[in-house]
*Asks:* 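Once you've had a glance at the structure underneath, I'll fire off some questions.
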Amino acid sequence: MEGWTPRTWTALAALSGLLSVAFGAFAAHGVDSWKAVEWLKTGAQYQMIHALAVFGAFALHRAGAKGMGLVTALFFFGTLVFSGSLYAMALGAPRILGAITPIGGLSFMAAWALMAWRGFSMPNQA
């Protein structure tokens, strides 16, 4: 996270949300293939959820919560790989690219697991 400023993470999360809306709209209005529509919808849904998760995890990081810098990066990496591979296939990339999609999903799961672990290990304060 060194060198990644609040401005950088805010802009990346916001752009991720923007792309989510754009790909969701493209799914609704720009493609005819039902499979492409499903890939775009799934990618957009996960991207939007994790754009918000990037904002939240980074806010926790800035507030001093341990491990949240890594969580932020895992959420963003997961979005790039998971949603990015689905978008690429919807736009005509070879279906073999779908082999990397689960890596993005594992990154999401690792981020959520780390966030939960760090949450349970935080001091209990009123």
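It should be emphasised that the depicted structure is a prediction, and the values quoted were computed from it without experimental measurement. Count residues from 1 along the sequence.
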*Asks:* With a cut-off of 3.5 Å and sequence neighbours excluded, list every side-chain donor-acceptor pair involving residues 22-38.
*Replies:*
residue	atom	partner	partner atom	Å
Ser33	OG	Lys35	N	3.3
Ser33	OG	Ala36	N	3.2

*Asks:* Can you list the residues that meet the side-chain contact (heavy atoms from CB on, under 4.5 Å) rule with Ala51, with sequence neighbours excluded?
*Replies:*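 Partners of Ala51 by the side-chain contact (heavy atoms from CB on, under 4.5 Å) criterion, ordered by chain and then number, come out as Ser16.
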*Asks:* Sequence neighbours excluded, which residues qualify as side-chain contact (heavy atoms from CB on, under 4.5 Å) partners of Ala14?
*Replies:*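 Ala14 satisfies side-chain contact (heavy atoms from CB on, under 4.5 Å) with Phe55 once adjacent residues are dropped.
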*Asks:* Tell me, do Phe77 and Ile103 make a side-chain contact under 4.5 Å, heavy atoms counted?
*Replies:*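 Yes, at least one pair of side-chain atoms sits under 4.5 Å.
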*Asks:* Given the rule that I, L, V, M, F, W and Y join up when any side-chain heavy atoms are under 4.5 Å apart, are Leu70 and Val54 in one cluster?
*Replies:*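 Cluster IDs for Leu70 and Val54 match.
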*Asks:* Taking only residues two or more places apart in sequence or in another chain, which ones pass side-chain contact (heavy atoms from CB on, under 4.5 Å) with Pro102?
*Replies:*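 Partners of Pro102 by the side-chain contact (heavy atoms from CB on, under 4.5 Å) criterion come out as none, since no residue qualifies.
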*Asks:* Could you list who else is in Leu15's hydrophobic cluster, with ILVMFWY side chains joined at under 4.5 Å, directly or through other members?
*Replies:*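 Members alongside Leu15: Leu18.
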*Asks:* Give the minimum heavy-atom separation between Gly67 and Leu114, together with the two atoms involved.
*Replies:*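 Reported closest heavy-atom pair: O-CD2, 3.8 Å.
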*Asks:* So, do Leu19 and Gln47 sit near enough that their side-chain heavy atoms are less than 4.5 Å apart?
*Replies:*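 The answer is yes, as the side chains (C-beta and beyond) meet within the 4.5 Å cut-off.
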*Asks:* If I take atom CD1 from residue Ile100 and atom CG from residue Leu80, how far apart are they, to the nearest 0.5 angstrom?
*Replies:*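 The CD1 atom of Ile100 sits 10.0 Å away from the CG atom of Leu80.
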*Asks:* How is the hydrophobic cluster of Phe120 composed, in terms of its other members, when Ile, Leu, Val, Met, Phe, Trp and Tyr link through side-chain heavy atoms under 4.5 Å apart, directly or indirectly?
*Replies:*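 Besides Phe120, the cluster holds no residue at all.
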*Asks:* Does Tyr46 form a side chain to side chain contact (heavy atoms under 4.5 Å, CB included) with Leu86? I'd like the steps, not just the answer.
*Replies:* CA-CA 11 Å; Tyr46 277 77; Leu86 292 176; over 6 Å; no
*Asks:* Under the ring-ring contact (aromatic ring centres under 6.0 Å, His included) test, which residues partner Phe75, sequence neighbours left out?
*Replies:*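 Testing Phe75 for ring-ring contact (aromatic ring centres under 6.0 Å, His included), a comparison that skips the adjacent residues, returns His50, Trp112.
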*Asks:* Please enumerate all residues that pass side-chain contact (heavy atoms from CB on, under 4.5 Å) together with Leu60, with sequence neighbours excluded.
*Replies:*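 Listed in chain order: Ala65, Met68, Met115.
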*Asks:* Do any side-chain atoms of residues 90-98 form donor-acceptor pairs under 3.5 angstrom with protein atoms, and if so which ones, sequence neighbours left out?
*Replies:*
none

*Asks:* Is Trp117 linked to Met109 within one hydrophobic cluster, defined over Ile, Leu, Val, Met, Phe, Trp and Tyr using a side-chain heavy-atom separation of less than 4.5 Å?
*Replies:*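 Not linked; separate clusters.
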*Asks:* Which residues satisfy the side chain to side chain donor-acceptor pair (under 3.5 Å) test with Thr42, sequence neighbours excluded?
*Replies:*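 Partners of Thr42 by the side chain to side chain donor-acceptor pair (under 3.5 Å) criterion come out as none, since no residue qualifies.
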*Asks:* Got Trp9 and His61 here, is their nearest side-chain heavy-atom distance under 4.5 Å?
*Replies:*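 They are not in contact (no side-chain heavy atoms under 4.5 Å apart), so the answer is no.
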*Asks:* Same cluster or not: are Met48 and Leu12 linked, directly or through other Ile, Leu, Val, Met, Phe, Trp or Tyr residues, by side-chain heavy atoms under 4.5 angstrom apart?
*Replies:*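 No; tracing contacts between hydrophobic side chains, which count when under 4.5 Å, never links both residues.
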*Asks:* If you group Ile, Leu, Val, Met, Phe, Trp and Tyr by side-chain heavy-atom gaps below 4.5 Å, do Ile49 and Phe82 land in one group?
*Replies:*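 Each belongs to a different hydrophobic cluster.
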*Asks:* Kindly give the heavy-atom pair with the smallest separation between Ala111 and Leu74, and that separation in Å.
*Replies:*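 What the structure gives for the nearest pair is CB-CB, 3.6 Å.
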*Asks:* Applying side chain to side chain donor-acceptor pair (under 3.5 Å), can you list everything that pairs with Ser85, at least two apart in sequence or on another chain?
*Replies:*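 Thr101.
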*Asks:* Is it possible for you to say whether Tyr87 and Trp39 belong to one hydrophobic cluster, with membership spreading through side-chain heavy-atom contacts below 4.5 Å?
*Replies:*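 Not linked; separate clusters.
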